[in-house]
Structure formats: structure tokens, C-alpha cells
Amino acid sequence: MQEINSPNARTKEMTDAIATLMEKEYGIFGTLTRLAGENENYLIKTQENTRFVLKLADEDTTSGMIEIEYLAVERLIDAGLEARLPRVIPTKTGEIEARFLTDRGRQLRGRLLEFVPGQAWCDLLPAATKRFENLGRTIARVNIAMEAIVHPDTRRTHHWDLARAQQHRASISLVEDPQRRSILEQVFHSYAAIAMVRFPDLPRSLIHGDINDDNILVDDTLIQGILDFGDCLENPTICDLAIALAYVTLDEQDPLEAASIIVGAYHRVRALSMKELEVLFPLMCARLAVSVIISAKRRRINPTRKSWFVSEERAWKKLAFFADIPPAQAAIRLSSKIELTPYDDRGKPIPELIEQREKCIAPSVTASYATPLKIIQGKGQYLYDYHGRPFLDLYNNVCHVGHCHPRVVAAGQRQMAKLNTNTRYLHDGLTDYAQKLCSTLPRELTTCFFVNSGSEANELAVRIAKTVTGKQDMLVVEGAYHGHTEAMINISPYKFMGKGGKGRPEPWVHVVPLADGYRGTYKGQGKEAGNAYGDEVGKIIQKINRPIAGFITESLLSCGGQVIPPKNYFKTAFAHVRKAGGLCITDEVQTGFGRVGSHFWAFELQEVVPDIVVMGKPIGNGHPMSAVITRREIADRFANGMEFFATFGGNPVSCAIGEAVLDVIEEEGLQAHAREVGHHLIKGLTTLKTAHPLVGDVRGIGLFIGIELVLDRQKLTPGTKEAADMVNRLKNRGILLGTDGPFSNVIKIKPPMVMTLEDADMFLRVLDDELTDMEQTQI
Ligand code: PMP
């Protein structure tokens with residue numbers, strides 16, 4: 001242990017006070033040396049050469065914590081732990097905690113510990129296999145023994161608390177080297193997406209909290225002592241093992257092999273669960289990441305205090321090494337000495353799967369990315385690939401309330417096991433759900449049809465418009481997409497004008513301009529743009545010069561490039577359509593169910609009530625279902641004698657799932673959450689726009705956002721290649737996004753609604769770094 005002697009005036013005053021405290025409280029006289037380390041600890045040496053350690057308590061250390069430290073050591077001694085431990089020596093009056101008022105009126109509090117001699121792990125390297133095994137067994141015994149300790153103050157936290165490593169995440173920005181920042185982003189991402197999501201399912205107990213290579217005393221093969229119970233706190237029990245693994249493998253050539261020996265020995269004393277094995281590696285890395293971040297913070301306070309930076313470079317080296325190891329591979333290696341194998345249900349290796357897919361799946365069914373992803377699991381806002389790598393999903397709006405939301409899954413499973421029929425039988429689920437869904441809409445929209453996909457729902461909506469009006473002509477918006485069926489391709493300029501499309505629309509399809517405030521004819525015209533674009537609809541109706549069936553529009557244009565129509569657009573356009581006898585259909589497939597934050601439905605932003613609303617994607621959180629909702633009078637006119645029947649539409653399972661989705665949105669406050677996180681994201685992105693010329697426009701509302709990349713802000717030259725490149729870069733950084741818009745230069749953000757502010761910040765930091773890198777490599 002390193003000793004510091006700095007005889008300045010304050011030290012003198014303190015040492016005098018401590019000497020008096022020792023004498024009065026313990027009847028001990030001796031010399032005093034301040035010990036290196038984070039806390040105020042003193043080595044006391046008596047004339048008989050007996051050594052003690054006096055640990056002073058800072059303001060944050062409660063008496064309860066000192067009691068816990070005492071209880072932990074006593075419990076481990078009772079349990080027969082072979083390692084020596086720093087036992088608390090009571091005061092003359094039998095107290096664990098000594099209190100003393102100095103002459104100057106300063107209250108000193110502390111506890112006196114037996115001095116435990118020995119060599120620290122880090123000072124006796126390399127470590128033999130037997131030492132690794134002994135460490136594994138010792139930590140397991142420590143964990144088992146300490147499980148029994150119950151004390152209210154175990155619920156404490158501190159800045160090394162591995163269950164709250166997230167508190168340091170925003171400080172990644174303090175690290176100057178972008179490559180190192182990238183490593184830390186990856187580590188915290190895995191920590192959040194792999195470890196934190198499993199915390200609720202992990203056994204918890206009082207743990208040591210800091211079994212690092214300085215706190216383990218050793219000889220060649222044995223663990224001689226464990227020091228420093230001052231960081232004890234309640235945590236997932238596995239955190240102790242993770243912390244120890246992080247430190248004792250710092251100097252190992254093959255750290256995962258060494259760690260697997262410790263894990264094996266631990267497991268034979270305290271059996272690990274699969275979930276514990278899965279979180280070990282991300283936790284190990286997170287501990288090292290916290291360590292280097294705390295070093296970065298401390299460097300700003302005092303860059304010369306060497307004891308603060310002892311493990312820093314070693315930790316960085318190991319973090320860089322670990323960054324290249326996918327989580328699944330790490331978990332499998334860590335478990336190599338035991339009978340459990342994490343990630344053994346991943347299915348076929350990727351090359352084999354690609355080969356098979358090419359043989360049996362049609363070639364127009366494409367997989368995204370140059371190297372396609374094999375996703376094996378989803379949870380909340382995260383997706384996990386074959387290698388166990390987590391991805392923050394900012395793209396898949398279908399899993400609206402989070403991938404595999406347990407409540408939605410349970411609702412589907414329950415109903416699936418009970419009954420699944422069709423709408424030709426009475427079922428409470430159908431009407432309950434219909435009523436609940438309608439209660440989210442304006443009063444006049446009361447009557448439902450249930451079908452199975454967005455395409456099918458839009459097709460039905462158009463059929464209703466045509467049947468009810470007895471007319472054929474439909475207005476559609478430039479760049480819009482409404483589905484993949486023959487009829488829907490015919491009303492989707494995104495498809496018929498796009499790659500492989502036939503170009504010219506059917507004679508009954510009329511394309512109105514996209515109400516784009518960034519690129520369109522009326523760009524930059526503020527409030528007036530809405531009326532002007534609305535009047536364009538009127539002009540086209542005039543050209544048609546006969547009554548029309550209707551106008552179909554997404555409430556916000558998604559495939560068209562995440563476009564938010566200007567105010568008054570729908571009001572003006574709908575007025576023209578209705579004057580020509582047509583019905584107004586809003587396609588809420590991408591935008592509904594609270595995504596826009598301020599409203600439940602995006603058409604409400606325009607203060608209009610459509611005649612027909614189409615819902616899809618998020619409605620079943622991934623279960624294939626969709627709905628068309630209209631006014632009673634329209635549904636009555638559609639009922640011309642022909643039965644409407646869709647085999648699967650409105651079946652009891654779908655209704656149970658749909659109802660669960662609505663319940664989760666309400667109970668988890670997801671609409672308000674989308675508003676808050678969306679606002680935060682748009683604000684952050686707008687700031688990035690000022691720093692990065694490539695970002696031409698940031699637009700959106702709630703969690704429906706677009707980032708348009710341009711090469712020239714005056715000419716608006718689309719950054720098509722750059723947008724594609726950025727999406728790939730972000731994929732490599734663990735974030736899923738896609739591009740769209742007429743030039744494929746708009747990055748679309750439409751995540752599951754459960755993404756957090758931390759996720760948003762991570763995305764903003766990573767995007768900032770990648771934009772900087774892209775701009776620099778372009779120069
Ligand atoms: N409408 C819109 C606005 C869409 O984005 C989509 C799907 N991307 C559809 C309709 C078609 O939905 P589905 O794929 O469920 O048929």
C-alpha cells in the first residue's frame with residue numbers, strides 16, 4: 001500500500017485530532033500515516049507494532065452504512081470464509097462507530113479496523129489457474145453469506161454502483177478521442193440493452209461492491225484476504241463477480257479464458273442462471289467504462305493526482321480489446337467451463353440462412369443492408385442480432401409499445417388458447433375493442449371494419465368511397481404509399497413512379513402535389529403554404545371537372561420523406577374534395593396511436609375530421625391487423641346487400657391484442673412520453689443542424705421525425721449517397737434507421753414509443769460524431 005506523508009497545517013491539525021480520538025475512544029497510542037486511495041484512511045502503528053486502519057466517514061457515509069460494513073465482515077467470519085477480513089474493533093464503550101469533536105468543533109466519525117497484511121492481486125502477477133479458481137469460490141461464498149444480511153441502508157447508491165452505471169453515460173463527451181468515445185458508446189449501449197433490461201429478473205443481495213485487484217490479497221494460489229467493505233450495497237448479486245472479473249483479467253493475455261476459470265469455480269459454489277451469464281460481459285465492460293469516465297472527470301479536477309489514474313490505461317487497453325468481441329461470443333466463452341450455454345437457440349449461421357433464403361423466397365422480397373441482419377430477439381426499443389449485438393431500433397414503428405411487450409404477448413397467448421373464430425359469431429372482445437378504439441376518435445367516427453393489413457384497410461377505404469359516392473376518381477398525394485396490392489400500387493405514386501413502376505397513373509388516379517415546406521412550390525411561405533397547397537387540390541378537381549370518389553392522404557407523409565403538411569392544408573383540401581362530392585380518407589398507418597405526442601391521431605394536428613380513418617402497423621404491435629373506421633351513415637350506405645367478411649379481421653385474438661395495445665399506451669403514458677422524447681430529439685437534432693452543413697432540414701413532431709441530408713443548402717442538392725452511408729454507419733454503431741423521400745436522402749426516425757431520453761442522447765452523440773467523421777473524410 002502506498003503511504004503519503006504531507007505535513008501541512010491541515011494535516012497536522014487532523015493528525016492531532018485523530019491521535020486524541022484513538023486514545024479516548026480506543027485507548028490506542030501510535031503513529032499515524034494517511035493511506036492513498038479515495039477515502040480518508042489512516043494507518044495506525046502502535047509501539048508493539050500492531051497495525052490498525054482508521055477509516056473516517058465522509059458526510060455521505062451514514063451510521064447505517066458503517067453498521068452494514070460491520071455486519072458483512074462478521075457474517076463472513078461466521079460463515080467460515082477462509083480469507084482474512086478487516087474486522088471492526090469496537091470502541092471502549094462497545095460502539096462500532098467512534099465519534100469525536102475536535103478542539104475546533106469539527107465532528108469526526110469513523111471506525112477502526114484490524115489491519116490485514118498481504119500482497120494485492122495486482123502486485124503478484126501472473127496469477128496461476130488455482131488462484132483464479134480460489135477467487136471464484138471465494139466470491140461465491142461471499143455472495144451466499146451476505147445474502148442473509150437485511151438492513152434498510154443497503155438500498156444506498158454511489159458513483160461506482162454498477163446497477164446505476166447509466167449515471168455516467170452522458171459524460172462520454174468528456175473523452176476527447178472519438179475512437180475511445182465510440183468504444184464507450186458501444187459499452188453503455190450493451191449495458192443498457194443487455195444488462196439493464198435483465199436487472200428486474202436477476203437475484204439481488206447485499207454485495208461487496210468493489211472486489212478489485214487492489215482489494216484482493218493473495219499468495220501464489222490462495223486468496224488471503226478481502227479488503228474494503230465500504231462500498232457494500234444491494235445490487236444484482238452478479239455485479240460482484242463482474243467487477244472482480246473486470247479487474248483481475250486486466251493484465252491477462254486471454255482475459256475471457258481466465259475469467260471462464262473464475263466463473264466455473266464460482267458456479268460450482270453458487271449456481272449461476274442463464275440471465276446472469278448473459279449480463280456478465282456487458283457488466284464487466286461497463287465497470288471498466290465507469291472507471292475511465294471517472295478518471296476523465298477527475299482529470300478535470302486534478303490531473304496530477306496519480307493514485308486516481310492507476311488503472312486507466314490498462315482499462316482502456318482492455319476496453320478496446322473487448323469492443324471487438326460480440327456479446328454472444330463473450331457469454332459463450334465465459335460459460336465454457338460450465339454446463340450452461342448461453343445463446344444456443346440462435347438457429348442457423350447467417351451464410352447458410354442466406355443461401356436457403358435465396359432458394360425459397362422470392363427475389364423481390366429483399367433484406368436490408370449490404371450484410372443482412374439476422375435478428376433473434378426483440379425487447380422494448382431494442383433488437384438483438386445473431387451475435388448478441390443490441391440495436392437501438394429507431395425505425396420499426398410497428399412494435400409501437402415496444403418489441404414483444406409482455407402484456408400484449410400475454411393477451412394474445414391467453415386468447416389464442418381459449419378461442420379464435422370470426423365476426424360471424426358474437427364475441428365481447430370485438431365490441432369492447434371497437435368501442436375502446438372509437439373512444440380515441442372524434443365523436444362522429446363510430447363504426448368499424450376490421451381487416452389484416454394496411455393495404456387491405458386502405459383498399460377497403462377506397463372501395464367504401466367509390467361505393468358510397470358511386471364515383472371513380474381518387475386524388476392521391478405525390479410520393480405517397482398506401483399498400484402493396486394491385487389497387488393500392490395504383491394509388492401509390494411512391495410505387496408507380498418509383499423503380500419498376502409503370503409510371504403513368506390509372507386514368508381515375510390524380511396526383512396532387514406533396515405539401516412540402518422544404519422543397520415544394522410554396523416552400524418558406526409559412527401559414528400561407530397550407531392554403532396554397534390545399535388550393536392545388538382544388539385546381540386538380542377543377543381539371544377533372546366531374547364529381548369524385550375521394551381523396552386519400554397519409555396524415556403525415558412518411559415514404560414521401562417524413563413531411564409534416566403545413567397548417568390549414570387539410571382544411572382547405574378537404575373543403576375542395578367535399579364540394580366535389582368526395583370523401584376524405586386519412587391513412588394513419590404510420591402516424592396513429594399517440595406517436596405525434598400532442599394528439600392521439602395525426603390528422604388532429606390539422607383540426608379536421610376525416611370521413612374515413614385507416615389504421616394499421618402499430619394497432620397490433622406486430623400482430624397482423626388493421627381497421628377502417630367511419631361515420632355510421634357512410635357504413636350504412638356501404639351496406640348495399642353485399643356481405644363484408646374478412647376471415648381473420650376482428651377475430652378474438654386480434655381484438656385481445658388490440659385492446660392490450662390501447663391499454664399499454666394509456667397506462668404507460670406513451671403519448672406524453674413520445675411528446676417529451678420527440679421534443680428532446682428534435683431540439684438536439686436542430687442543434688446538430690447548426691454544426692453540420694450536411695443536415696439541410698430537421699422536421700417532425702413527437703416520435704415522427706425526418707433528417708434531410710443535402711450537399712448544398714441553397715440548391716438543396718440531395719445527399720442521397722450520404723444518407724445511405726449514414727444509415728450504414730449508424731447500423732455499425734448499433735442504431736437502426738432507414739432512408740426515404742423522393743431522393744432517398746431523408747433519414748426516418750419512427751421508433752417504438754418506449755425509447756428513452758438516454759437512447760435519444762446516445763443517438764445524438766453518435767450522429768454528431770459520425771457527421772463530423774463523414775464531413776472530414778469528404779474534405
Ligand atoms: N399505408 C402506409 C402509410 C404505409 O406506410 C403502409 C406500409 N408501409 C401501408 C399503408 C401498407 O400496410 P401493409 O404493409 O400492412 O399492407
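Note that ligands are numbered from 1 as they come in the structure, with each ligand's atoms numbered from 1 the same way.
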Worked check of salt bridge (Lys or Arg N to Asp or Glu O under 4.0 Å) between Arg424 and Glu643: CA-CA 11 Å; Arg424 285 187 176 135; Glu643 184 201 14; 2.9 Å; yes
Geometric cation-pi criterion Lys466 and Trp508, 6.0 Å radius, 45° cone: yes
Ring centres under 6.0 angstrom apart (Phe391, Tyr384): no
Side chains of His405 and Glu668, donor plus acceptor under 3.5 Å: yes
Throw together a table of side-chain donor-acceptor distances under 3.5 angstrom for residues 673-685, partners on residues two or more places apart or in other chains.
residue : atom : partner : partner atom : Å
His673  : NE2  : Met755  : O            : 2.6
His680  : NE2  : Asp761  : OD1          : 2.6

Lys731 charged N/C atom sitting above Tyr369 aromatic ring, 6.0 Å / 45°: yes
For ligand 1, the residues whose heavy atoms come within less than 4.0 Å (ordered by chain, then number): Ser453, Gly454, Ser455, Asn458, Tyr481, His482, Gly483, His484, Glu554, Asp587, Val589, Gln590, Lys617
